Every structure is written in structure tokens, then in C-alpha cells.
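Working notes for the structure below.
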Amino acid sequence: MSMSARMTSPAYVLPGVADALQAINDAVLATGLPAELVELVQLRASQLNHCAVCVDGHWRLGRRFGASDEKLFAVGVWRHALYYSETERIALDVTEELTLLPGRPEALGDDLWERAAGAFDADQLAALIVAVGQINSWNRMNHAVHGQAGSWRP
């Protein structure tokens, strides 16, 4: 892979796209879904998608919103770390299920759905799903243009 980006992120090239994506993020947070949790979700999806730009940016935002270094550093192995609440574990499980879709037509099965519906109210569960979809979109845009870690510093 090249050590330089092909172009600026498409979200910043097309007028209005970055603003629309920010509005989505604002709507997610307006549900009361904790910003720290959203950042852990975004960091984990970005790790799974190998998005250097977002991995580099979302640990910074996670720290800004109160995530401990332990949570940020161990999110890739969250199943084997003691740092996460049950609610965070459910959100990370949902994140992995919805990010690793290829070859998994039954992703987000009934058991995980029921656990998530018990941990989050309907608006927050919708927000979690939207947040996962949105970060996957950012990850894919960054891959297309060969986005580099350090090119976005929140």
C-alpha cells in the first residue's frame, strides 16, 4: 500500500456529506447512548476493518470522552479483559456481528438481539446499530482513498 492517500476522504470532497455524517453522530448521541461507548464501538469496528485513520482517531476521542487506557488498549480482546461492563460487552458483540458480515447470513441472531434489547432502550439500540453502520461507512471510504493514520486528528 502506498504511504500517501489517493485523495481527501470522499466525505469531505462532496459538499454536505461530512455535515450529514456529523448530524447522524449527533442523533446517535442525542439518545443518551454514552459517547465513551460509541467510541469503543467505533474503535473496535475500525480495528476489524483495518482502518488506520479511524483506529488512530477513535482512541483519541475515546480518551476525550472518558474511556480508560485499559479499555482503549484492550478493546481488541474485550472478551478476555475485565475492564468492560456487561452493557459495553453487548455493544462490542453487536459491533463485531454487524461488522464481520461476509459469510455470516445469521449475524445478530436472536440471542444477541434479546440481550441488546434488554440492555438498551429502543432508541439507544437503534443508535447503536446506526453508529456501527456509520463507522463501517467511514472505514470503507478511508480504505478506498488509502487514508493514513495521523491524517485525521480529532
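Remember, it's a predicted structure, so these values are computed and weren't measured experimentally.
Leu43 pairs with exactly one of Val75, Val38, Asp56, Thr95 by the side chain to side chain contact (heavy atoms under 4.5 Å, CB included) rule, that one being Val75.
A donor-acceptor pair under 3.5 Å links the side-chain atoms of His143 to the main chain of His50, judged by distance alone. No side-chain donor-acceptor contact under 3.5 Å links Asp93 to the backbone of Arg89. Counting only distance, with no hydrogens or angles, the side chain of Arg63 and the backbone of Ser68 share no donor-acceptor pair below 3.5 Å. Judged purely by atom type and a 3.5 angstrom limit, Gln42 has no side-chain atom pairing as donor or acceptor with the backbone of Ile135. Side chain of Arg140 to main chain of Asn136: a donor-acceptor pair is present (N/O by atom type, distance under 3.5 Å, no hydrogens or angles).
Under 3.5 Å, the side chains of Trp78 and Glu96 contain a donor-acceptor pair of N or O atoms.
Thr31 and Ala127 get closest at one heavy-atom pair: OG1-CB, 3.6 Å. Closest approach of Val94 to Ala116, counting heavy atoms only: CG2-CB, 4.1 Å. When all heavy atoms are compared, the tightest approach of Ser46 to Cys54 is OG-CB, 3.1 Å.
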**Message:** Please determine whether side-chain contact (heavy atoms from CB on, under 4.5 Å) holds for the pair Leu37 and Phe120, giving the CA-CA distance in whole Å, both sets of side-chain angles, and the decisive distance to 0.1 Å.
**Reply:** CA-CA 12 Å; Leu37 176 66; Phe120 300 99; 3.8 Å; yes

**Message:** What verdict does the side-chain contact (heavy atoms from CB on, under 4.5 Å) test give for Asp121 and Leu125, after you've listed the backbone C-alpha separation in whole Å, the side-chain angles of each residue and the deciding distance to 0.1 Å?
**Reply:** CA-CA 6 Å; Asp121 68 30; Leu125 182 52; over 6 Å; no

**Request:** For Lys71 and Glu36, run salt bridge (Lys or Arg N to Asp or Glu O under 4.0 Å): C-alpha distance rounded to whole Å, both residues' side-chain angles, the deciding distance at 0.1 Å, then the answer.
**Result:** CA-CA 10 Å; Lys71 283 184 181 181; Glu36 175 187 352; 3.2 Å; yes

**Item:** Glu97/Arg104 under salt bridge (Lys or Arg N to Asp or Glu O under 4.0 Å): CA gap, chis, key distance, verdict
**Value:** CA-CA 8 Å; Glu97 289 274 324; Arg104 300 176 68 189; 2.9 Å; yes

**Item:** Worked check of side-chain contact (heavy atoms from CB on, under 4.5 Å) between Thr8 and Val145
**Value:** CA-CA 7 Å; Thr8 301; Val145 300; over 6 Å; no

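Hydrophobic clustering keeps Val53 apart from Trp59 (ILVMFWY residues linked when any side-chain heavy atoms are closer than 4.5 Å, directly or through intermediates). When the side chains of ILVMFWY residues are joined at heavy-atom separations under 4.5 Å, either directly or via intervening members, Leu82 and Phe73 end up in two distinct hydrophobic clusters. Residue Tyr84 is not grouped with residue Phe65 when hydrophobic side chains (ILVMFWY) are merged at heavy-atom distances under 4.5 angstrom, including chains of intermediate members. Residues Met7 and Met141 are members of separate hydrophobic clusters, defined by side-chain heavy-atom contacts under 4.5 angstrom among Ile, Leu, Val, Met, Phe, Trp and Tyr. Criterion: ILVMFWY side-chain heavy atoms under 4.5 Å apart, direct or through other members. Under it, Ile129 and Leu48 are not part of a common hydrophobic cluster.
Leu101 CG to Glu106 CD: the interatomic distance, rounded to the nearest 0.5 Å, is 11.5 Å. Expressed to the nearest 0.5 Å, how far CH2 of Trp138 lies from CG of Asn49 amounts to 14.5 Å. Atom CD1 of Ile24 and atom CG of Leu29 lie 12.0 Å apart (nearest 0.5 Å). Atom CD of residue Glu86 and atom CD1 of residue Ile90 lie 4.5 Å apart, to the nearest 0.5 angstrom. Summarising the geometry, atom OH belonging to Tyr83 is positioned 10.5 Å from atom CG belonging to Asp69; distances are rounded to the nearest 0.5 Å.
Contact of the Leu72 side chain with the Leu40 side chain is registered, since non-hydrogen atoms from C-beta on lie closer than 4.5 Å.
Counting heavy atoms of neighbouring residues, nucleotides and ligands inside a 6.0 Å radius, atom CG of Asp110 does not exceed 12 of them.
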